[in-house]
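Proteins get letters first, then strands, A, B, ... in listed order; numbering begins at 1 in each.
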Amino acid sequence: MSDGYASRMPTPEAAARPWQTHTVAIRDVRREVEGVSTYDLAFLDDTVREAYRFAPGQFNMLYLPGAGEIAISVSDDPRNTEAYGHTIRVAGNVTRTLAGLGVGETLGLRGPFGTSWPLSECIGRDVVIVCGGIGLAPLRPAICTLLQDRQQFGRLNLLYGARSSDTLLFEREYDDWSRQGMDVQTTVDRSSPGWLGNVGVVTLLLDQLPSFDPHNTVLMCCGPEVMMKFTVMAALNSGLSEQQIWVSMERNMQCAVGLCGHCQLGPTFICKDGPVFRYDKIAPFIDVEGL
Amino acid sequence: MSSKPTLGVFKFASCDGCQLSLLAAEDHLLGVAAEVEIAYFLEATSHIQPGPYDIALIEGSIITSHDAERIQQIRRDSKFLITIGACATSGGIQALRNWADCNEFVRSVYATPDYISTLATSTAIADHVQVDFELRGCPINQYQLIEVIQSVLAGRRPRTPVHSVCLDCKRRGTVCVMVAQGTTCLGPVTQAGCGAICPTYNRGCYGCYGPAAQPNLVSLTGQFESSGVPREQVVDSLRNFNGYAPEFRAESERLEASRESTT
Amino acid sequence: MATATEMGTNERFLTEAAFARIFEVLESQGFTVVGPTIDQEAIVYDRIRSVDDLPRGWTDEQAPGQYRLQRRDDEALFGYVVGPHSWKRFLFPPQATVSKADKTETGWQFQAVEPEPAKFAFLGVRACELAAIRVQDRVFMPGPYVDPIYQQRRDNALLIAVNCTQAARTCFCTSMETGPKCTSGYDLALTEIANGFIIEAATAEGAEILSALESDDASIQQRQAGQTARQQAVDQIERRMDTTDIRDLFLSNLEHPRWDDVASRCLSCTNCTMVCPTCFCSSVEEVSDLTGDHVERQRQWDSCFNVDFSYMNGGNVRDNTRSRYRQWLTHKLASWIDQFGSSGCVGCGRCITWCPVGIDLTEEVAAIRGDAT
Amino acid sequence: MEADQLRFILQELRFSAVLPVEGLGRLAEESTVRRVAAGEVVFRDGSTNNNLYLIRSGRLALEMNVPGRGAVRILTLGAGEMVGWSALLGQGKMTAGAIAIEDSDVVVASADRLRELCEADRDFGFLLMRQMADALSKRLVATRLQLLDLFADAPSLIPTQQAD
Amino acid sequence: MTERTIKVTALTRVEGEGGLYIKMQGDAVEDIRLEIYEPPRLFEALLRGRALEEVPDITARICGICPVAYQMSSVHALEAALDVTITPEIRQLRRLLYCGEWIESHALHVYLLNAPDFLGFESGLEMAEQFPDEVNRGLRMKKHGNQLLEVLGGRAIHPINVAVGGFYRAPRRDNLQTLIADFEWGLEAAIETTRWVAGFNYPDFTCDYQLVSLSHDEEYPMNEGRIATSIGESIAVADYESEFEERHVEHSTALHSLRKKTGETYLTGPLARVSLNFDRLSSTARAIAAEIDMAWPCFNPFQSIIARGLELIHVYEEALDIMRDYSPPRPPRIEYSYQAGESCAATEAPRGLLYHRYVVDADGKVGDATIIPPTSQNQAQIESDLRDWVPYALSDDEAATSRRLENLVRCYDPCISCSTHFLKVKIERT
């Protein structure tokens, strides 16, 4: 079973042609929150579709000719093989162009690339997922997998922080996730009238987390770098070791295969050594300003 | 009536070269004309349409009070205002007057200075109104201009590099004239866009595209001086087509001030 | 092709006239010969067609921030050290189209561009440059993903090395253990001596070329002359870089005050990265026609010294020269070892010579080592 | 409630768990447990309050009054957290209001009595104040992170595009 | 008598910005002004104290349409002051560069600016819808000019390769050889252009011009020669300022160039050049001129466009000759040392005579500069012609009147950007 959680290595054909892009069509667009939508993308070529598999945490390069290419983690359940959801926030040229496209239109996709969440490591252990903002998207495939194989794992906790209650991603799914055995807690930075949930940063939820066994827990974290840094601090305070903490990093990824040099952080290439790192691998570098 | 976005091209104190770049884009000219409605472009067409304009291209600097008023109206009439070229973006070569006695300048050129109505300074458009995008160059690069128009139409950010001329020299295989020939070259602190033509033609860059991002002028001018270039010449090298761009200006004034204090 | 193993002392002697025939031999085998030639007041690498294109009787004087062609007092063909170009220009071209997109009725169609067939013979590759090619081989080829353009060109390249018989003031290959003698990685290696060359083949391909040329067994005197000439290069190298524990030195000195010092001098102009024979950073640009229906993706050399190189989420991670210079030198000398198992520096000295303000990385290393934390 | 029982409760709360048993005993003697119903105000912003509260269960929210916006919720706090530090530090006047957002049990201790305890037993006082400082520093860091507005939209890449 | 004012507030399809103001008393023109909005950029003043090497770069910025003309006049004047003699090879290369500018400028004017007047369009772009082949032909010719400028000058607008003494770098032979096929096509296109414009309907309108242009014994005038006039004079360029003068005229606030001794207006530009140098045109140009059968000298300003056509043929043919025989000049630039001096030069810009005079000091700095562009010289003539043209142009339709007046102005291809000597005019608003 654990085998199925591993990152996908490229086929020899893909490895020899890193720039080969495949045509995908937009099957569905779901508006998640203001400025964030999920695009279900399906390969037009059957052979490509059948060969394509991704592991939770891996990313694709989405290409809009003329606008450019951007690294986007797959936010979908890995069991889906027809179309793959990509949850995207409008931020730059590519995402803005994408926002102008509708169902049926096509774009390019290369991938999957990078490392994945350590789901094999989670077997028999408690799992705490801490994420912020759009950072929930790259963890959604992991959540789907954890819940799918629920009995394999110990307690599952999701701690999720967002700017405000109307920017909580995938809110309609929280009940399902709870029902399937994951404790879901949310918090917001800015409260709004009528919001009865938590207010404050997500690291406080970690502090308040009811007893968990720090020695038998895997923590997975994704969000803005500063948020991850403080989450890690809180986790280390709670008794976790750096080897139990995994984070998903972001940098300017251009080639996605370690050849262009853009996404370096110290000795690592975020695109091929990451985006998912065991924390001790990047701990010396994450705090260095401008590295 | 066409629903294409409207384009206006407006001229202030300038040589016409930047707007000519649009006409010089022979291969793209008719293409551009198909994408936008040219609503105001005196040099190209007698067809004149009143504002508002979706895109305004502004050439030239402000050197008369009349122009200082005219640009305000154009700003009000324009949705997306782009300055094109060194004059509009940093005041142009005519900004040399900013360091001189302008009245004396006028007297030296005109027999009857009373007829001349001009401001004492030549200033960039952004000193008068909010500018949405600045396209550098003396003259601008027509491909960059097309890129800017295309990207505004597509609602994306124009891809105009901010790196130094050096990078383009090296991509072209041009040998560094500063290192191999001891030529004074502003390439290391000048924004790319021209295609690194001067070093490729065996001469030093003279800064047509203005300061590159985060230029280290102090280090470069120090190098010029230690290789024997007189300070006066270093100052002049910074004071030409983009002399009044903030970084070039600050450095030439620093050099001048420290000369005064040391002599 | 150039899987050179030492083939012992199989040294032969070529007269200059015999050597001159190498151009036709190479061209008859379909090679495009690239080698040193004078252009723009420097010895550059370009397509050459005969010995007449070589920089006969010229040498290069180098110092931090300075390069000058000088007449030699002899007629040596390879009597210079290294110039502004490196072979990466040909193996990893400064500009290349990597893919194309066309809008059709059924949507976008994408096509990865197959590398154009290119078969280069590099004439005059120095030991440090052989090392640089080995370094880039490790960047572009071990996979899982390979760079198709580099691989195509590399697989088909013939490397004709020339041993240095002199050194520039900026050379420090001995510190990096990459030269000056060519020890591996070439097909043929030459040492220029009076009236001709000592030549040895290290691969079957090299041997085949050699066999097409008229050569004799090198005499003891000729071998000694070659040895003396090569030793002269060793003796002339003045510059040193202490590489002891250099990886840890750098990674534990990321906040060293020297970074501020060098940032006050550095122009962030990218020259060092561009002339470096191992720097491999690139970016991809969209090139489209006005309709936007035909788009090419062009890869071009980029540099970690560019402000927007580290652009992310509306800001730049390395937004000042201090962080960019630190990134470059730390990567080159330290984190490169983690990534590719060797230093990224081969001691060719180009970054010292071609820095417009003469920043010398060996001095920076010494300064950081001098009061390391 | 028995003092012993209260001591056990305090031993389980994160804020007080590390205090020495003897000190906890004395703290327990000065404390009571109170049930606050959802919506009930514990203290008001700007009011004078002379109690320190430790949340045993449920959740409290801290709110600040902003003219024109009413009570703005700044932070929510759960089991093990402390509320009302300004009472202990002697100011008395509350910098924020506290309200229960679900039915909650809180341990209430008189700030005056606690201060006396601290004066009398400086070792205990040091430990209590260290816990206080620790809790406040966490809250400060959390506030700073809120201040950074990390999840805000990235700045627009089109420079100052006019509204259209 | 009724008073009437006609204002063309913005002249279009000319380089630079200007207007037209005419005041009528009944049928009589009371006042007529070509109004220049171009703000004064004070080039002559800002050149003072600059290194003479910078002069060709700075003066190029006077005009983006004809930068080469400014570079040519300035380097020749400075070389004269420094006693530098360029080699014949450099001289040829400069002629070739000038050919590029003439092609670019003439093709632009003929196709995008002037031809729409004759065919009833508001712009070349609009004309392209009905005359796509012609406009594309014009654009392609214009591109040839730009390509030549790019090869020789580094870029088409404000070339960077022109130096005092020659060129910074000579192009390789193959750089130019690759252009030959295009230029062969271009020569045919220039012939077609001339035939095409010769077929336009021209108003029966002539002016009593004194024509002025450079003239050279062996070649069509471009970079050097003496100044010829249609009254039979041959004036040394050094005597320019004693023969021609910029003067205030009472009814106008603009500086007018006039003949110094007689106060007469004069015309410079293609019409004058072809008229005065017809025999020096290339053989093909002369053959086409014969084929279209018109008399030279020509005094109809509207037929300037035909003169441009003939000049296009000439410069294509000359460019081809130079390119075919080209080998890079060695050295590309003549060394010189500084000396104090003063000298002048005139060259033929696409729009006419361009005169420069410089004083330089022993440190190579500019002491004084005088620049008299062709359009400034033509301005008095333009106003004078307008005065004569008004009776033909006048109708009750205000817009039609303005258009017809503008048509005449456009024939001179005035380059108002080159307004080193134009004045800001206060517009009378009645």
Side-chain angles (χ1 to χ4, degrees), chain B residues 11-21 23-24 26-27 29-30 33 38 41-48 60 62-64 66-67 92-94 96-97 100 102 104-106 108-112 115-118 122 138-139 141 194-195 197-198 200-203 206 208 233 236 240-241, chain E residues 10-17 38-46 48 50-51 54 57-58 61-65 67 104 108 112-113 116 122-126 128 135-136 139-140 142-143 146 154-158 160-161 163 167-169 246 248 253 255 403 406 415 417 420-421 423-424:
Chain B
K11 180 177 174 347
F12 290 82
S14 66
C15 75
D16 237 36
C18 290
Q19 54 175 307
L20 183 72
S21 297
L23 294 181
E26 294 91 6
D27 297 338
L29 183 58
L30 298 180
I38 297 178
F41 187 1
L42 293 184
E43 184 172 338
T45 173
S46 303
H47 171 77
I48 297 176
I62 304 295
I63 61 174
T64 67
H66 173 251
D67 279 353
I93 185 73
Q94 55 272 20
L96 287 183
R97 69 172 63 191
C102 189
E104 194 276 326
F105 263 31
V106 172
S108 75
V109 176
Y110 294 96
T112 318
Y115 288 121
I116 300 299
S117 153
T118 185
S122 169
C138 181
N141 174 322
C194 61
I197 43 182
C198 283
T200 306
Y201 279 76
N202 234 353
R203 62 178 298 194
Y206 56 91
C208 294
Q233 199 179 319
D236 273 1
N240 54 29
F241 312 105
Chain E
L11 288 167
T12 57
R13 283 182 281 132
V14 297
E15 291 94 2
E17 295 192 355
E38 281 295 323
R41 290 192 291 151
L42 311 175
F43 269 90
E44 288 146 313
L46 58 84
R48 286 186 320 202
R50 303 294 297 206
E54 295 182 294
D57 297 326
I58 294 177
R61 266 66 181 189
I62 292 173
C63 176
I65 324 302
E104 198 282 330
L108 170 72
L112 293 181
L113 309 184
E122 290 192 311
S123 71
L125 299 172
E126 189 197 334
V135 172
N136 278 315
L139 288 175
R140 197 166 155 191
K142 192 168 125 42
K143 189 178 176 188
N146 283 337
R155 64 183 167 204
I157 300 169
H158 305 329
I160 50 85
N161 196 18
F167 289 86
Y168 288 99
R169 185 180 192 180
E246 291 182 296
H248 268 143
T253 49
L255 280 177
R403 196 165 57 242
E406 247 194 292
C415 186
S417 298
T420 42
H421 280 189
L423 289 175
K424 169 95 174 82

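Residue contact with chain B, scored on non-hydrogen atoms closer than 4.5 Å, is absent for E:Ala156. B:Cys138 touches chain E through backbone and side chain together, each having a heavy atom under 4.5 Å away. For a residue to count as touching a neighbouring chain, one of its non-hydrogen atoms must lie under 4.5 Å from one of that chain's; by this rule E:Arg48 touches chain B with the side chain only.
Interatomic distance, B:Cys194 SG to E:His158 NE2, rounded to the nearest 0.5 Å: 13.5 Å. The line from CG of E:Leu108 to CG of B:Leu23 is 6.0 Å long, rounded to the nearest 0.5 Å. From E:Leu113, atom CG reaches atom OG1 of B:Thr45 across 10.5 Å, with rounding to the nearest 0.5 Å.
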Applying side chain to side chain contact (heavy atoms under 4.5 Å, CB included) to E:Ile65 and B:Glu43, what does each step give before you reach the verdict?
CA-CA 11 Å; E:Ile65 324 302; B:Glu43 184 172 338; 3.9 Å; yes

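For chain E, the option among B:Asn202, B:Asp236, B:Ile63, B:Leu96 with the highest count of heavy-atom pairs below 4.5 Å is B:Asp236. Per-residue heavy-atom pair counts under 4.5 Å with chain B were compared for E:Ile160, E:Leu125, E:Leu139, and the maximum is reached by E:Ile160.
Contact between E:Leu46 and B:Ile93 at its shortest, heavy atoms only, is CD2-O, 3.7 Å. Contact record, B:Ala44 with E:Ser123: O-CB, 3.2 Å, taken as the closest heavy-atom pair. Residues B:Cys15 and E:Arg41 share a closest heavy-atom pair of CA-NH2, 3.5 Å. Looking at every heavy atom in both residues, B:Tyr201 comes nearest to E:Tyr168 through O-CB, 3.0 Å. Counting all heavy atoms, side chain and backbone alike, E:Ile157 lies closest to B:Gly17 at CD1-O, 3.3 Å.
When atom types are taken as modelled, the side chain of E:Arg169 and the backbone of B:Thr200 share a donor-acceptor pair closer than 3.5 angstrom.
Applying the side chain to side chain donor-acceptor pair (under 3.5 Å) rule to E:Arg50 yields the partners E:Glu54; only residues at least two apart in sequence or on another chain are considered. Listed by chain and number, the residues in a salt bridge (Lys or Arg N to Asp or Glu O under 4.0 Å) with B:Arg203 are E:Asp57 (sequence neighbours excluded).
Between E:Arg61 and B:Cys208, some side-chain heavy-atom pair lies under the 4.5 Å cut-off.
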